[in-house]
Amino acid sequence: MAARLDEHTRSSPPARQAVILSAGLGSRIAIVARGYPKATVATGTRPALVSQIQQLHQAGVRRVVVVHAPGDDRHVLPLLTHVFSGAELEFRLALQPRPAGPLDALACAREHLTDGDLTLVLGDTLVSDFAALPPDSVGIGQVEAAREFCLVQADPSSRIVRYDDKPDREGSSDDAVVGVYRFADGALVRHLLDEAGTQGCGELSDLLTRYGRRRPLTATPVRGWQDLGSYERYLAANRASILGRADHRFTVVDDGSVIKSGNPALIAAQVHWYRSLPETAVGLAPQLLEAGEGWHRTELLDYPSLAQLLLYEPLPPATWSLLMTRLLGVMEDCLWAPTRRKSPELPLWCERVYITKTEDRLGSWPYWEQIRSRTLVINGAAMPSFDELWPTVVALLRTVASTAEHSSVIHADMTFSNILLARGFGMFKLLDPGSAFSNRPGGDIRYDLAKLRQSYAGGYDALRENLFQLDRIGSYRWQLRIFPRPSPITATADEAIAAAGYDVAAVRLLEAVQFVSMVPLHHDNPDRQLALYIRGLQLLTAVLEGDPHASPVA
């Protein structure tokens with residue numbers, strides 16, 4: 001029997017502090033750092049520093065000290081304040097004037113350390129779950145190149161008895177310190193730093209040894225360790241970061257292509273889309289190289305997505321206005337207009353996609369019967385239940401469907417994460433088309449526009465990237481924070497859609513329905529499922545109440 005949904009969602013964990021040592025010059029990954037702080041170098045879809053802080057935040061850290069090199073604060077602080085503007089996080093920056101090793105870097109953060117739980121992370125280390133690291137433990141992993149790491153020896157109870165810093169041997173499957181540490185006594189760390197002075201003498205292992213004499217440290221294997229300390233290891237970490245989610249995976253091939261494998265029906269629909277693009281639009285997608293049952297291979301494109309730009313690079317509103325206007329113009333000229341045709345059967349198909357498909361999908365969510373009739377209290381405001389809203393929504397959807405007279409080939413999953421931008425040329429590439437209208441030659445353009453609005457107004461990409469905080473504060477009472485805060489480009493983008501001749505109210509309705517419809521698809525993260533459902537209810541309520549904006553997110 002499934003657990004109660006309001007019991008499943010985690011309550012806020014105890015507050016913790018963390019120090020991230022990111023003052024290294026990054027010379028070994030200069031080819032990708034390009035003069036920027038190595039902490040801001042993207043691994044996969046986001047900067048390494050953002051990934052570290054997001055994981056720390058999920059583990060309960062609420063205070064983060066970042067040690068940086070001279071001048072790096074110009075890049076680090078704007079990134080953090082933008083990405084985590086809606087989070088319960090306090091940031092402190094500490095300067096390491098010269099590169100003198102991690103122990104010196106930690107000493108530079110000494111004045112910011114408080115008593116209590118302290119997690120220490122090296123800036124070139126990523127792990128998948130900081131929450132799994134218990135107090136007074138050192139994260140370890142197996143390495144082949146022993147001389148590049150600090151090895152550990154532990155007794156049968158996993159208590160560390162010795163550190164061997166960069167031994168002069170190759171080693172084979174040695175246990176090494178991976179650069180993640182958790183101390184239960186931050187005051188003791190501060191005291192040991194005072195004892196050692198701040199001259200940068202010694203190795204971090206010296207501090208670990210002295211701490212371990214007073215409070216034993218255990219060696220704890222960590223999951224998902226990725227080391228960014230060299231270009232070779234960065235490449236491996238970057239490839240590993242795009243393996244995909246629960247229902248599909250990606251494999252990067254050395255010939256410059258990428259293989260996607262997963263649900264055969266979805267893969268077949270995507271292959272059909274690539275092959276059915278008109279000549280005017282073939283340049284809008286990566287080249288399809290080959291395909292088989294449950295897989296296809298396309299060229300690999302190393303461009304940032306619009307989601308990356310929205311979340312991690314705060315661009316001026318004028319730039320976004322230009323991008324949105326240009327994107328809509330390109331889609332109209334290259335794809336939508338060349339494939340537009342009269343379609344008498346489209347209204348009925350729209351009803352199936354917007355109403356029947358939504359109901360069927362929600363019915364597959366294990367918690368659906370528990371929550372569908374519940375009045376939820378979100379951020380202190382009572383939200384009508386889905387069962388209260390849905391009859392009115394269905395009537396509106398039927399009206400929207402009845403106005404779908406012309407169909408066009410659409411992308412059907414046109415969120416910002418699926419749109420790449422060749423920055424220097426202002427050109428777009430569309431990835432991973434959806435399957436909503438895959439059984440017919442065309443679909444409703446407003447479906448694509450609603451997907452766009454999920455990103456620039458609804459906060460979908462932040463939810464997809466787990467940049468949110470969901471706390472249970474009572475029975476069917478939650479607090480939801482999405483960060484970064486809702487984008488300032490919403491009004492600009494809505495104006496661009498209206499100027500293109502589309503009804504923004506209809507687009508907003510479809511956007512809200514898409515939010516609740518996608519809940520079961522995110523079964524790899526139940527918290528994200530609930531956050532998407534809550535966001536959908538907020539958007540539906542706002543549409544029905546005539547509110548030009550969704551209920552505010554705390």
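Rounded to the nearest 0.5 angstrom, L311 CG and H82 NE2 are separated by 6.5 Å. Rounded to the nearest 0.5 angstrom, S241 OG and Q226 CD are separated by 6.5 Å. For the atom pair OG of S205 and CG of D165, the computed distance is 4.0 Å after rounding to the nearest 0.5 Å.
In this structure, L310 and S455 approach most closely via the heavy-atom pair CD2-O, 3.4 Å.
A donor-acceptor pair under 3.5 Å is formed between the side chain of S137 and the backbone N or O of P134. Side-chain atoms of D73 never come within 3.5 Å of backbone atoms of L77 as a donor-acceptor pair (strictly under, hydrogens ignored).
The number of heavy atoms from other shown groups lying within 6.0 Å of CZ (R28) does not exceed 12. Counted within 6.0 Å of CD on E232, heavy atoms from surrounding residues, nucleotides or ligands total 12 or fewer; the atom is thus considered open.
Close placement of the Y274 and H296 rings is indicated, their centers lying within 6.0 Å of each other. Aromatic pair F468/H57: ring centres not closer than 6.0 Å. Under the 6.0 Å cut-off for aromatic ring centres, F416 and W320 qualify, their centroids lying closer than that.
None of D432, T251, T298 except one satisfies the side-chain hydrogen bond (donor to acceptor under 3.5 Å, both in side chains) rule with K260; the exception is D432.
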Next item on the list: Kindly indicate, with the supporting measurements, whether the criterion side chain to side chain donor-acceptor pair (under 3.5 Å) is fulfilled by Q54 and R46.
Entry: CA-CA 11 Å; Q54 183 264 333; R46 58 185 173 184; 3.1 Å; yes
Item checked: Worked check of side chain to side chain donor-acceptor pair (under 3.5 Å) between E465 and Y312 -> CA-CA 11 Å; E465 291 281 294; Y312 310 126; 3.0 Å; yes
Checklist line | Check against side-chain contact (heavy atoms from CB on, under 4.5 Å), E195 and R210 | finding: CA-CA 10 Å; E195 283 187 344; R210 290 186 289 123; 3.7 Å; yes
Check: Does the side chain to side chain donor-acceptor pair (under 3.5 Å) test come out yes or no for R159 and T218, once each step is laid out?
Finding: CA-CA 4 Å; R159 176 176 174 176; T218 59; over 6 Å; no
Check: Could you walk me through whether R182 and D136 pass the salt bridge (charged side-chain N to carboxylate O under 4.0 Å, His left out) check?
Finding: CA-CA 5 Å; R182 184 175 175 188; D136 283 337; over 6 Å; no
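Aromatic ring pairs are classed by plane angle as parallel below 30°, tilted from 30° to 60° and perpendicular above 60°; the pair F250 and H248 is perpendicular.
A heavy-atom distance below 4.5 Å is found between the side chains of M414 and M331.
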